[in-house]
Amino acid sequence: MTRPSFRFPDGFHWGAATSAYQIEGSPLADGAGPSIWQRFAHTPGMMSNGDTGDVACDHYRRYKDDVQLMKALGLQGYRFSINWARVLPEGTGRVNAKGLDFYSRLVDELLENGIAPNVTLFHWDLPAALDDRGGWLNRDSAHWFADYAEVMFKALDDRVPRWATLNEPWVVTDGGYLHGALAPGHRNKYEAPIAAHNLMRASGAGIQAYRAHGKHEIGVVFNIEPKYPHSDSAEDLAATRRAHAYMNQQFADPALLGSYPPELKEIFGDAWPDFPADDFKLTHQKVDFVGINYYTRAVVKHDPQAYPLKAVPVRQPNQTYTETGWEVFEQGLTDTLTGFRDRYGDIPLYITENGSAFYDPPVAENGVLDDPLRTNYLRKHLKAVHKAIEAGVNLKGYYAWSLMDNLEWSLGFSKRFGLYHVDFATQQRTPKATAKLYAQVIESNGSVLDE
Ligand code: BGC
């Protein structure tokens, strides 16, 4: 019998992902402290349509039902994040037992249903009390994070096989400290590199804490968006290198190589600090895996007006764009995986997020929701993942973004990435056609993609 062409390696891990502020709701319940996202969302003008995470998917109360949705898909793994301020309302010190208990119950529920938890410690919702002390601009943030991580490891590592320190630190600094579209909403070129550096010091300190208190695997999750030059001109090639260094290497390099790419100094100019050499001993820790979040690529052109990169993305004619304005470009996922392996070596990798927002029609009376554009995106990207494995990339698993429609940060509920549709008025969940395809992919370990 010949092996079906899109069958994945035995043991390939299939999951779906979410994050705390995007789905949980009840952000202040049971003694939780506010996070920066709680504050940001309640600041007039920051969120599309005035949406907030006050209710979101009400997962904090409906988590048992949601685990059944995962089971119905046949998920082997579920990636979620901890709201730090539920566990440590002031960010440091006192532990809120009820907050910790929520995550402990969630982990038990997953395990009882045969689903492996994959826990992200920081998916953007910094405790507001720590922001009041300077947040990621304060060098102490590395120690705050390591102390919080230790609390979590001691409570859950007996049951959690896979951890990540941070999710997408680039988004935190670009959106939160440079351009201000995301919490904490700063617009300051002098702050962004400092916040970035402290995030990677925190990740390193968290990994060190794991070596002392944990027994399984820990890694870190980066968003990678490959950059392709608009033309062969020297200016466009240099712009592409800057864009790549800024987004794709600014965090992975200090974590995996112990240094920064030289382009960052060029980009930030006098805002780029001379970081103490010793810091790189902390940022550069051995990881058990790296998680890569992939959504799209950018074709890059030199533009002297564009701040701070002097580079702009160029829209591609005749290509499909998602509702978040991202080009559907699956070859970029293959290139990301092979490129990452070529630069950083043979580290085990996971795709920890991949997905698309498209307009969804209302749920039909027969309960069916066809989402052909999203289904097409999933199909194409899984084939691209398979191609990378054939090219020898050590890829261990794939998590779809997202289990269900949720709060797309400052874009509110307007962008739907879910495998399950959520009616936010009734909290009714309905599987989309993409969920059905994904269940078949999992069941057949990819063979269904041959059809
Ligand atoms: C984040 C998610 C987000 C998704 C879609 C990633 O940047 O980790 O929280 O919802 O992309 O924008």
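Since the model is a prediction, treat every value here as computed from it, not as a measurement. Numbering of ligands and ligand atoms starts at 1, following listing order.
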Region of Asn167 that comes within reach of ligand 1 [heavy atoms, distance under 4.0 Å]: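 Near ligand 1, Asn167 shows its side chain, while the N, CA, C and O stay back.
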Closest approach of Phe8 to Leu449 (non-hydrogen atoms, all atoms of both residues):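 Scanning both residues, the minimum pair turns out to be CE1-CD1, 4.3 Å.
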Where Tyr377 and Tyr294 come nearest, the two heavy atoms and their spacing: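 It is OH-O, 4.0 Å.
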Any residue meeting side-chain hydrogen bond (donor to acceptor under 3.5 Å, both in side chains) with Arg429, in chain and number order, not counting sequence neighbours: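 Scan of Arg429 (side-chain hydrogen bond (donor to acceptor under 3.5 Å, both in side chains), adjacent residues dropped) gives Asp66, Gln427.
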For atom 1 (C) of ligand 1, closest protein heavy-atom neighbour: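 Residue, atom and distance for the closest contact: Glu353 OE1, 3.3 Å.
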Protein residue, atom and distance nearest to atom 7 (O) of ligand 1, heavy-atom basis: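 The closest one turns out to be Glu168 OE1, 2.5 Å.
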Counterpart residues, ring-ring contact (aromatic ring centres under 6.0 Å, His included), relative to Phe222 (two or more places apart):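 Applying ring-ring contact (aromatic ring centres under 6.0 Å, His included) to Phe222 gives none.
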Full working for ring-ring contact (aromatic ring centres under 6.0 Å, His included) between His197 and Phe280: CA-CA 10 Å; His197 186 69; Phe280 296 95; 5.8 Å; yes
From the candidates Trp409, Tyr295, Trp401, Trp326, the one that places a heavy atom nearest atom 11 (O) of ligand 1: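 Minimum heavy-atom distance to atom 11 (O) of ligand 1 goes to Tyr295.
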Closest to atom 12 (O) of ligand 1 (judged by heavy-atom distance), picking from Glu225, Glu408, Lys415: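 Looking at heavy atoms only, Glu408 sits closest to atom 12 (O) of ligand 1.
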Qualifying residue for ring pair (Phe, Tyr, Trp, His ring centres under 6.0 Å) with Trp124, from Trp37, Trp170, Trp409, Trp84: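 Result for ring pair (Phe, Tyr, Trp, His ring centres under 6.0 Å) with Trp124: Trp409.
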Atoms of ligand 1 close to Phe417 [distance to a heavy atom under 4.0 angstrom, numbered from 1]: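 Every atom of ligand 1 under 4.0 Å from some heavy atom of Phe417: 5 (C), 12 (O).
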N or O pair under 3.5 Å between His123 and ligand 1: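 Yes, since at least one N or O of His123 sits under 3.5 Å from an N or O of ligand 1.
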